[in-house]
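What's counted below: heavy atoms across the whole structure, side chains too, no hydrogens, waters or symmetry copies. Here the structure is a predicted model, which is why all the values come from computation and not from measurement.
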Amino acid sequence: MNLVNLESVSHAYGPKPLLADVSLGVEAGERIGVVGRNGGGKTTLLSVLAAEVRPDSGRVTHTRGLRIGFLSQRDTLDPGAPVREIVLGGRAEHEWAGDQGVREILANLIGDLDLDAKAGDLSGGERRRTALAKLLIDDHDLIMLDEPTNHLDIEAIAWLAAHLAGRKSALVVVTHDRWFLDAVSTRTWEVVDGRVERYEGGYAAYVLAKAERARIAQAAEERRQNLMRKEIAWLRRGPPARTSKPKFRIEAAQALIANEPPARETVELMRFAAARLGKTVYDLDDVTMHAGGPGAGPLVLDDVTWQFGPGDRVGLVGVNGSGKSSVLRLLAGTVQPDSGRVVQGRTVRLAHLSQELDELDPTRRVLESVEEIRKYLQLGKREWTASQLLERLGFRGDAQWKVIGDLSGGERRRLQLLRLLMDDPNVLLLDEPTNDLDIETLNELEDLLDGWPGTLVLVSHDRYFLERVTDRCVALLGDGELSLLPGGVDEYLERRAAGTAVTARVASQSASAQSGAAETASAAPAAVGLSAKEERELRKELNRLERQLDKLGQQESKLHAAMAEAAGDYAELGTLDARLREVLTQKDTVESEWLEVADRLGE
């Protein structure tokens, strides 16, 4: 049964048609992800489906009594209302506190907020999370969300995906978070040129199906061209030539990518990076740092020793407020550690994209602001002009001559990122670079970074982008360490979940102790099946393995640098390559041991 139907719907803003004769429906229980370029009509489609906007022509029908929950990008909260009233309405405390589902929503979205705080005193992100919590607590037949993952960290995004997948409500969601799309969607709609193209499955299935459609369209065009050439030949020669028709196979989706090379030529990029950077990029020696300056604010790093080598591509993860941006500022040299030292390589040419973008001259034009830095840039084996790179990041045609003062926030961010790349840095520090970028632009940015040789440290809540452009992840888990994550984001979420469970157990034991049950506290080690001595020994072993992994990583970086220096000596390259394979084998073995120990500790 369809909850909403659109029949021959058209809508335009000014001369640009965003929807043109669109007919579609949303079935009960269906979960649909909506993708498309910024400004292409995704938000308009949601607004029309929700009857928030009346289309220029066509018909929109809802089933009788349909309950719609709509999270728009506009903030409609009453600034004078407290969070408690906005989210919980008139529910009595005993009513909502006894509801596990409500408690879970509150804990995962607004657990850090004071329920008595006024909405007008909240930040934009806090107001957004408050609105989302209010929507999820209520019952709806159809939930419509416009960019729900904005202002959520990786952990909260994973929780939201699981929560939505477990609800019975139908769902229509607009988001640029591709991992989230895959996790929640059973169908994908692409809004393009006024049409809505429909695909079965989430983002991954959509990409494969779109590639197959493009291949079939190309095959059809080739067939048409062949038939035209054959017809012309017949007209010229008389009797039709006896030629066989070309044959095209419709292959399985996997066959589409069977012959594709890896996204990055890692060894070649490492060689280029080593040639540009030398052996040292950043060495952290016994660094201690607080987020608010020496001794002020939360502890971010506690006596940490770490090395970022040439060609490293590192993703830095952690909850909001854990100090990720502080670590980038430490590497950029804009803040100093409480103690210890940060050694920066002499050849480092740094570009730092922070969340607080530098102001651009609002009177300059887009292309001029890029060309004033550099007109050409070598990426990989190809040279690009400033205009070509602007086009790849969404500035097409006349958009390159727009005045910067007329750009949106997302366009300004894209322009600032390209200006940084045009300066030809060999170290990139990127803090949430995907904010306000659509999926097509993200694909282009990923492709640009694939050919960029240098050291990259990335902070992003976009899990897909993080895993796509980095080779390893490290985490700030609140213990003052930079923890290596061989298992990537999945391991981070597991360790966070395990840490939350341990914290809950400790809190429960503390409460019991205060009420007189002192024996509960002594039972803590048994809760995880380990004695205190066994746990201490395992943690010592875990630390030993992490130090060994760090040393092997340093050896790997040095061997890559040596291979770059010996590029013309094939005998030396063979020797170095054999040593590199040995180091990589040792690294795999140590990582396996690390995972076993971490598994025993429940981390």
Side-chain angles (χ1 to χ4, degrees), residues 4-26 30 32-50 52-60 72-73 144 146-147 172-178 181 185 187-225 256 366 387-388 390-402 406-408 410-411 414 436-447:
V4 181
N5 280 306
L6 267 58
E7 300 174 48
S8 302
V9 165
S10 296
H11 194 71
Y13 285 109
K16 182 179 180 181
L18 298 179
L19 302 174
D21 198 29
V22 171
S23 296
L24 48 77
V26 180
E30 195 171 32
I32 300 165
V34 183
V35 301
R37 274 194 165 276
N38 283 342
K42 304 185 298 296
T43 295
T44 299
L45 175 62
L46 249 65
S47 299
V48 169
L49 285 168
E52 297 276 331
V53 169
R54 185 173 180 178
D56 297 339
S57 63
R59 184 182 177 193
V60 181
S72 70
Q73 293 192 46
M144 308 183 74
D146 197 351
E147 296 294 352
V172 181
V173 56
V174 169
T175 179
H176 297 145
D177 189 316
R178 291 159 291 178
L181 277 174
S185 304
R187 299 188 70 189
T188 300
W189 289 352
E190 182 185 23
V191 184
V192 53
D193 297 331
R195 309 184 313 276
V196 179
E197 302 285 353
R198 280 155 278 187
Y199 299 84
E200 292 297 324
Y203 178 76
Y206 150 75
V207 170
L208 291 169
K210 187 174 181 180
E212 177 64 6
R213 286 189 188 184
R215 191 193 67 78
I216 292 172
Q218 182 181 2
E221 177 61 18
E222 288 178 2
R223 184 181 298 111
R224 188 181 71 83
Q225 294 287 348
L256 288 167
V366 170
S387 179
Q388 288 171 328
L390 278 168
E391 186 169 340
R392 292 194 66 181
L393 289 185
F395 293 96
R396 293 177 171 80
D398 292 341
Q400 297 186 11
W401 293 100
K402 287 175 70 174
D406 295 336
L407 299 181
S408 67
E411 288 172 326
R414 277 185 275 150
D436 302 311
L437 301 189
D438 58 40
I439 289 176
E440 191 170 337
T441 306
L442 285 173
N443 290 333
E444 292 287 359
L445 176 57
E446 288 160 356
D447 192 48

S.K.: Check step by step if side chain to side chain contact (heavy atoms under 4.5 Å, CB included) holds for E197 and K210.
M.R.: CA-CA 10 Å; E197 302 285 353; K210 187 174 181 180; over 6 Å; no

S.K.: Looking at E440 and R396, is there a salt bridge between them, counting it only when a charged N and a carboxylate O are closer than 4.0 Å?
M.R.: yes

S.K.: Begin with the C-alpha distance, continue with both residues' side-chain angles, and end with the deciding distance and a verdict on side chain to side chain contact (heavy atoms under 4.5 Å, CB included) for R178 and V207.
M.R.: CA-CA 11 Å; R178 291 159 291 178; V207 170; over 6 Å; no

S.K.: What distance separates R187 CZ from E30 CD, expressed to the nearest 0.5 Å?
M.R.: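 Between atom CZ of R187 and atom CD of E30 there are 5.0 Å.
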
S.K.: Sequence neighbours left out, what passes ring pair (Phe, Tyr, Trp, His ring centres under 6.0 Å) with F395? Give chain and number order.
M.R.: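 Partners of F395 under the ring pair (Phe, Tyr, Trp, His ring centres under 6.0 Å) test: none.
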
S.K.: Evaluate L24 against L49 for side chain to side chain contact (heavy atoms under 4.5 Å, CB included), listing each step before the verdict.
M.R.: CA-CA 10 Å; L24 48 77; L49 285 168; 4.1 Å; yes

S.K.: If we ignore hydrogens and angles and just use 3.5 Å, is the side chain of K42 paired with the main-chain N or O of V34 as donor and acceptor?
M.R.: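 Side chain of K42 to backbone of V34, a donor-acceptor pair under 3.5 Å: no, none is there.
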
S.K.: Do the non-hydrogen side-chain atoms of S10 and L19 ever get within less than 4.5 Å of each other?
M.R.: no

S.K.: Do the side-chain N and O atoms of D438 and H176 include a donor-acceptor pair separated by under 3.5 angstrom?
M.R.: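 D438 vs H176: no donor-acceptor pair found between side chains.
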
S.K.: Output, in order, the C-alpha distance, side-chain angles, deciding distance and verdict of salt bridge (Lys or Arg N to Asp or Glu O under 4.0 Å) for R414 and E444.
M.R.: CA-CA 11 Å; R414 277 185 275 150; E444 292 287 359; over 6 Å; no

S.K.: Working to the nearest 0.5 angstrom, can you tell me the gap between M144 CE and T43 OG1?
M.R.: 10.5 Å

S.K.: For a side chain to side chain contact (heavy atoms under 4.5 Å, CB included) with L18, tell me which candidate from D193, T44, V48 qualifies.
M.R.: T44

S.K.: For the CD atom of E190 and the CZ atom of R195, what is their distance to the nearest 0.5 Å?
M.R.: 8.0 Å

S.K.: Considering residues at least two apart in sequence or located in another chain, which fulfil the ring pair (Phe, Tyr, Trp, His ring centres under 6.0 Å) criterion with Y203?
M.R.: Y206, Y464

S.K.: Locate the shortest heavy-atom distance separating G25 from W189; write the atom from each residue and the value.
M.R.: O-CZ2, 3.6 Å

S.K.: Say you draw a straight line from CD of Q388 to CG of L393; how long is it, rounded to the nearest 0.5 Å?
M.R.: 12.5 Å

S.K.: Which atoms form the tightest heavy-atom contact between I32 and S185, and what is the distance?
M.R.: C-OG, 4.1 Å

S.K.: Does the side chain to side chain contact (heavy atoms under 4.5 Å, CB included) test come out yes or no for T188 and L181, once each step is laid out?
M.R.: CA-CA 8 Å; T188 300; L181 277 174; 5.8 Å; no

S.K.: Can you tell me if R59 has over 12 outside heavy atoms packed within less than 6.0 Å of its CZ?
M.R.: no

S.K.: Between D447 and R392, is there a side-chain heavy-atom distance shorter than 4.5 Å?
M.R.: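 Contact flag for R392/D447 side chains = yes.
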
S.K.: Determine the minimum heavy-atom distance between S8 and D21, stating which atoms define it.
M.R.: CB-OD1, 3.1 Å

S.K.: With side chain to side chain contact (heavy atoms under 4.5 Å, CB included) as the test, pick out the partner of R37 among V192, V191, I439, T441.
M.R.: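 Only one of V192, V191, I439, T441 forms a side chain to side chain contact (heavy atoms under 4.5 Å, CB included) with R37, namely T441.
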
S.K.: A12 and P17: which non-hydrogen atoms are nearest, and at how many Å?
M.R.: CB-CA, 3.7 Å

S.K.: E147 side chain to Q73 main-chain N or O, any donor-acceptor pair under 3.5 Å?
M.R.: no

S.K.: Which heavy atom of Q400 sits nearest to which heavy atom of S387, and what is that distance?
M.R.: OE1-OG, 2.8 Å

